[in-house]
Amino acid sequence: MPTPVLYCRDPLSPRRVDEHFAREAQEVRARGGAVGLVDHDALLKGDAEQAVAHVPAGLGSVWYRGWMIPGDRYVALAEALSRRGTALLVTPDQYRAAHELPGWYEMFVDITPASVWRPTRPGEILAAEDLADLAEPLLPGSGIVKDYVKSRKHEWEQACFIPDLADWAGLTRVVQRFVELQEEFLAGGIVLRSFETFSKLESVAAEVRVWWLDSEPRLFTPHPDSPFERGLVPDLDHIRPGVQSLGCRFVTTDVALRSDGVWRVVEVGDGQVSDLHPSSNRGEFAALLVGL
Ligand SMILES: Nc1ncnc2c1ncn2[C@@H]1O[C@H](COP(=O)(O)OP(=O)(O)O)[C@@H](O)[C@H]1O
Ligand SMILES: [Mg+2]
C-alpha cells in the first residue's frame, strides 16, 4: 500500500494543499498515495484537534510533509492524530533529534563544526560574561550563531557571523541582534559554532542536501537556496554511521566541501520538514515517500 502523506493546507484555500507543496502532493496522488490536510496555523496556535479535523480517520501510518513544526507542537500533532487512528512514521522523539542541533550533534561530532549551546527563552538576553563562558571551548577563531533549528544567514554581518569569538563586545552584539530578530520564533536556545571555510562555486557555498531513508542515501538535491541546479556528489562513507546512530527513518544532511577537501555536515534535518530545491524532480521525491 502506498504510504499516505499529510500536507499543510493552503491558508487561503483550505481544501487544497499549500501552494508550496502542491506539485509534490500531486505526484504523491499520481502514485496512489492518499493525501490528508493539516492546518499548520491551528497547530502552531495550540489547537491540534482543529489542525487534524479534516484528516480522514484511520489512515494508518503516514508521513508529514510541510512547514517546520516546533518540537512540542509535533507531540500535540502526534497525539491528536493517534486519537484518529493515524500514526506518524517519525515519532516526536525522533523528530526532535533530527530537527534540533542538540539532538543530532553527538552523532556527528567529528564531521560537523564544533558547537556549544545554551537553552534560552525567546527574547532572553545573555550577559557578555555568560556568552564568553559559552564560547570558551571554541576559542580561538571566528564563529556563527543560530538557534537550535535556524540561523539568520541572510543577515550574515549583523546577526550570524562572529568575526572573533574572543571579542566579547562583538560576540554579544551579534548574538543580541540575532535574539532580537528571531523574536518569539527563537527555537530552543543559542548555539555557537566554530566557523569553517567551505569551497565555493562562483562565490556561493556549494552545499548539497542528502536525503536518507532508513539510513540509505536515496536522493541528492542542491541546497534549496543554491543558484545551481546540480550539485557536486559528496563522499558519504564517513557520514552514514552518524545517520545510522541517529536512528530516524527520514533525515536530511546538508553537506559542504571544506577548503581542505573534506565533506562536512553543516546541518541535519528531519526529512519531513526539509525544503526541496525548486528544480528538484517532485515525481522522484514522491516515489520515495509513497515507497514505490
Ligand atoms: N560553522 C560554519 N562555518 C561556516 N559556515 C557556516 C557554518 N555554519 C553555517 N554556515 C553557513 O551558514 C548557512 C546557514 O547555516 P545553517 O546551520 O544551515 O542554518 P539554517 O538552518 O538557517 O540553514 C550555511 O548554509 C552555511 O553556508
Ligand atoms: Mg541550512
Side-chain angles (χ1 to χ4, degrees), residues 67-71 95-105 107-117 134-135 137-166 170-171 174-175 177-179 181-183 185-212 220-228 231-232 234 239 242 251-278 280:
W67 305 117
M68 288 181 177
I69 302 174
Y95 175 76
R96 195 161 219 157
H99 185 54
E100 299 184 352
L101 183 139
W104 56 260
Y105 181 74
M107 273 64 90
F108 294 86
V109 67
D110 296 330
I111 53 172
T112 196
S115 309
V116 292
W117 58 87
L134 186 63
L138 305 181
L139 298 183
S142 43
I144 68 122
V145 59
K146 61 182 296 184
D147 65 21
Y148 285 10
V149 176
K150 289 306 283 180
S151 71
R152 295 197 71 95
K153 59 193 167 202
H154 301 299
E155 287 127 326
W156 186 254
E157 299 286 337
Q158 51 161 331
C160 192
F161 182 61
I162 301 157
D164 179 4
L165 287 165
L171 168 66
V174 176
V175 174
R177 188 69 185 132
F178 172 77
V179 170
L181 292 170
Q182 285 297 76
E183 300 180 334
F185 303 106
L186 187 131
I190 294 295
V191 176
L192 300 176
R193 314 195 73 190
S194 290
F195 181 83
E196 297 188 6
T197 306
F198 298 120
S199 306
K200 296 191 168 179
L201 279 178
E202 295 171 31
S203 85
V204 181
E207 230 171 279
V208 180
R209 179 158 286 177
V210 185
W211 300 77
W212 304 80
F220 298 85
T221 60
H223 187 273
D225 298 334
S226 168
F228 307 105
L232 305 165
I239 298 178
V251 171
T252 53
T253 52
D254 291 344
V255 298
L257 190 60
R258 201 167 53 188
S259 52
D260 61 0
V262 176
W263 282 97
R264 301 285 280 168
V265 173
V266 179
E267 203 181 8
V268 176
D270 179 275
Q272 300 180 112
V273 298
S274 292
D275 208 5
L276 274 171
H277 189 273
S280 300

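The figures here come from the full heavy-atom set of this structure, side chains too, leaving out hydrogens, waters and symmetry mates. The shown structure was predicted, so the numbers you read here are calculated from the model rather than taken from an experiment. In listed order, ligands and their atoms are each counted from 1.
Per-residue contacts place S151 under 4.0 angstrom from the following atoms of ligand 1 (heavy atoms of the residue considered): 14 (C), 15 (O), 19 (O), 20 (P), 21 (O), 22 (O). For ligand 1 and I144, the ligand atoms under 4.0 Å from any heavy atom of the residue are 8 (N), 9 (C). Close contacts of ligand 1 with P113, meaning ligand atoms under 4.0 Å from a residue heavy atom, involve 1 (N). For ligand 1, the atoms lying closer than 4.0 Å to a non-hydrogen atom of S194 are 1 (N), 2 (C), 3 (N). If you number the atoms of ligand 1 from 1 as listed, the ones under 4.0 Å from a heavy atom of K146 come out as 16 (P), 17 (O), 19 (O), 21 (O).
Proximity annotation for atom 4 (C) of ligand 1: of R258, E196, K150, E196 comes nearest, heavy atoms only. The nearest non-hydrogen atom to atom 14 (C) of ligand 1, considering only E207, K153, M68, comes from K153. For the residues V266, V265, V191, the heavy atom positioned nearest atom 10 (N) of ligand 1 is part of V266.
Counting heavy atoms from C-beta on, the side chains of Q158 and L181 come closer than 4.5 Å.
The distance from atom OH of Y95 to atom CE of M68, rounded to the nearest 0.5 Å, is 7.0 Å.
Judged by distance alone, the side chain of T197 and the main-chain N or O of S259 form no donor-acceptor pair under 3.5 Å.
Between R193 and ligand 1, no N or O atom pair is found at a separation short of 3.5 Å. Some N or O of V149 is nearer than 3.5 Å to an N or O of ligand 1, by distance alone.
The atom of E267 nearest to the Mg ion (ligand 2) is OE1, with the search restricted to N, O or S atoms.
For the residue pair T221 / W211, a side-chain donor-acceptor distance below 3.5 Å is found, with atom types taken as modelled.
Electrostatic pairing of E155 and R177 does not count as a salt bridge here, judged by no charged N lying under 4.0 Å from a carboxylate O.
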